[in-house]
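Notes to accompany the following structure.
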Amino acid sequence: MSNTTIAANILKTLETSSSIGMFARDTGGCLISKLAFSRSKDESKEIGFAELSESAVFYFSAPAAARLGADIFSKTNNITKEELTTPFKDLKNITNPKKLKSVKLGKFAQIASTFSLILPLVFAIAPLRNLMTLSKSGKNDFVSVVGLENKEEENKKQEAKAKTKKLAKTLGLTALGALAATGIASGLLKNDKIYKKAEPLLDKTLKHFDFTKTGDLELMHYGALIYPVSIASYFYASRDKYEKAENARRFSITVPLMFFGEKLIEKPIYKVFDKKFGTNVMDNGKIKSYKEILNMPLSEQKQYLKSKNLSYGLTFFINTMAIAGAVALLNRIETKRNYAREKAQNINKRPDNILLKDSIEQWKTKNIQISTLQNSI
């Protein structure tokens with residue numbers, strides 16, 4: 001097996017929208033880049049925990065919960081699992097109105113219950129990351145975590161355990177409340193009058209958040225709901241104004257690029273490598289997938305795989321690894337600069353320094369007076 005084919009087999013897993021592909025792409029790209037610019041051991045541990053936890057929750061917990069929901073709500077709505085996992089676009093093929101209603105209500109319950117469990121988990125990641133550091137090192141300030149200060153408080157370690165229990169209890173109750181609301185809404189929708197009024201909104205919900213048979217979701221639709229919760233979590237858990245500023249810079253750059261960055265840069269890159277290798281990976285604005293290329297005649301595969309590997313690899317590197325690294329470096333530089341500037345300003349404002357300056361000025365004045373008196377004598 002050639003190096004080109006080996007690279008293609010690796011990259012094609014990243015190209016898919018499956019949970020494994022998304023986990024590998026996002027975690028590998030962001031984790032490596034961020035760790036490369038981490039400022040301390042504590043920050044490295046926080047980055048590792050946050051990136052792995054986020055990806056695990058984003059890409060594995062939702063499909064698992066969705067599959068479990070399919071088992072539960074197919075039974076409670078007297079339909080088969082195959083009927084419940086019918087793609088929304090194919091529901092028009094169900095001609096029995098009663099059956100169609102049962103499938104839609106089952107899908108709604110599956111979606112609502114999944115997000116009732118997932119969103120509290122997403123929100124918990126940033127606060128848990130902070131509490132993990134606090135319990136191990138006693139550091140409660142972001143500037144201490146990244147090594148700009150060295151402030152540790154032993155009494156905070158025990159406090160972290162109590163805060164962790166409180167957080168778990170709060171988020172657990174939130175999840176239970178959301179599940180209860182799902183049950184109440186599902187019960188109300190069984191009423192024909194309520195269902196008829198709510199059906200247009202229900203259809204829009206199912207269209208955008210419907211799960212596949214394997215429990216996966218469209219990233220843009222999934223992200224439109226889950227990323228705002230994640231962003232809110234990081235701002236809620238910001239330990240000082242420096243961390244809040246870093247989060248603002250990070251999300252203002254990465255969120256737009258997450259949804260639109262790849263589309264902006266991939267076409268020019270594919271055009272360059274298509275010209276270099278004499279291929280047509282991008283045909284009429286549509287990019288051939290690895291699956292399509294591997295089904296091509298062997299005489300064409302090698303050149304197409306070379307073009308695809310370099311195009312996809314460079315797009316992935318720029319939009320994921322390079323951007324993550326650039327944002328991490330920008331935050332490192334800006335936080336250090338702002339911290340040093342503010343510290344210098346605070347030193348200049350200290351009362352003892354003001355008194356010292358006054359004493360020096362008085363000393364200078366007295367020396368001038370003495371010198372003037374001596375000269376006059």
Side-chain angles (χ1 to χ4, degrees), residues 16-23 56-124 168-230:
T16 66
S17 60
S18 68
S19 298
I20 294 174
M22 297 301 295
F23 177 85
V57 171
F58 284 17
Y59 304 123
F60 292 121
S61 60
R67 288 192 289 269
L68 178 62
D71 290 331
I72 295 171
F73 298 113
S74 59
K75 294 175 183 177
T76 58
N77 287 275
N78 296 317
I79 54 176
T80 65
K81 186 177 177 181
E82 287 69 28
E83 287 173 329
L84 188 142
T85 55
T86 300
F88 176 77
K89 63 181 181 179
D90 296 331
L91 292 183
K92 59 188 177 183
N93 297 326
I94 301 176
T95 55
N96 185 329
K98 188 176 180 180
K99 179 74 70 177
L100 180 61
K101 177 182 176 181
S102 295
V103 172
K104 285 184 177 181
L105 291 182
K107 281 182 171 292
F108 167 76
Q110 180 195 28
I111 292 168
S113 61
T114 297
F115 283 108
S116 295
L117 297 172
I118 298 307
L119 296 182
L121 282 176
V122 171
F123 191 85
K169 183 179 179 180
T170 301
L171 294 175
L173 290 173
T174 301
L176 289 173
L179 288 172
T182 298
I184 293 170
S186 297
L188 291 173
L189 286 170
K190 288 183 179 180
N191 180 284
D192 289 335
K193 290 183 179 179
I194 296 175
Y195 175 79
K196 190 174 181 180
K197 290 182 179 179
E199 190 174 14
L201 179 60
L202 180 64
D203 285 346
K204 288 182 180 180
T205 302
L206 300 183
K207 180 181 178 180
H208 291 292
F209 297 105
D210 193 18
F211 292 96
T212 65
K213 288 183 180 294
T214 57
D216 284 318
L217 273 172
E218 288 287 338
L219 176 61
M220 187 167 290
H221 298 156
Y222 189 28
L225 185 60
I226 205 167
Y227 284 117
V229 175
S230 177

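By convention here, the first residue in the shown sequence is residue 1. Values below: every heavy atom of this structure, side chains too, minus hydrogens, waters and symmetry copies.
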- Query: Side-chain contact, heavy-atom cut-off 4.5 Å: V122 with F58?
  - Reply: yes
- Message: Minimum heavy-atom separation for V229 and L225, please, with both atom names.
- Response: CG2-O, 3.7 Å
- Task: Could you pull out the closest heavy-atom pair between N78 and K99, with the gap in Å?
- Result: O-NZ, 4.1 Å
- Item | F211 CZ to T85 OG1 distance, which is reported to the nearest 0.5 Å | 12.5 Å
- Message: Show the nearest heavy-atom pair for residues S61 and I118, with the distance to one decimal.
- Response: OG-CD1, 3.1 Å
- Backbone N/O of G69 and side chain of Q110: donor-acceptor pair under 3.5 Å: no
- Message: Ring centroids only, cut at 6.0 angstrom: are F73 and F108 within range, meaning strictly under it?
- Response: no
- Item | Heavy-atom side-chain proximity of F209 to T114 below 4.5 angstrom | no
- Message: Could you check whether K107 makes a cation-pi contact with F88, meaning its NZ or CZ is under 6.0 Å from the centre of the six-membered ring and within 45° of the ring axis?
- Response: no
- Do L188 and I184 come close enough that some side-chain heavy atom pair is under 4.5 Å? yes
- With side chains defined as the heavy atoms from C-beta onward, is the minimum distance between D192 and K101 less than 4.5 Å? yes
- Query: Once you round to the nearest 0.5 Å, how far does CD1 of I79 lie from NZ of K81?
  - Reply: 12.0 Å
- Query: If you measure from CG on N93 to OG1 on T86, what distance do you get to the nearest 0.5 Å?
  - Reply: 9.0 Å
- Hey, what do you get for CD1 (I194) to CG (L202), rounding to the nearest 0.5 Å? 13.0 Å
- Mind running side chain to side chain contact (heavy atoms under 4.5 Å, CB included) on I226 and L119 for me, showing each step along the way? CA-CA 7 Å; I226 205 167; L119 296 182; 4.0 Å; yes
- Can you tell me how far CD of E199 sits from CG of L100, rounded to the nearest 0.5 angstrom? 7.0 Å
- Message: As an exercise, state the distance from CG of D210 to CG of D203, rounded to the nearest 0.5 Å.
- Response: 11.0 Å
Give the table of side-chain donor-acceptor pairs shorter than 3.5 Å for residues 175-183, with sequence neighbours excluded, one pair per line with atom names and distance.
unit_1: T182; atom_1: OG1; unit_2: A178; atom_2: O; d: 3.0

- Item | Nearest atoms (heavy-atom pairs only) where L171 meets P120 | CD1-O, 3.7 Å
- Message: Can you give me the closest heavy-atom contact between G106 and N77, atom names plus distance?
- Response: CA-ND2, 3.6 Å
- Output yes when a side-chain donor or acceptor of N191 lies under 3.5 Å from a complementary backbone atom of K193, and no otherwise. yes
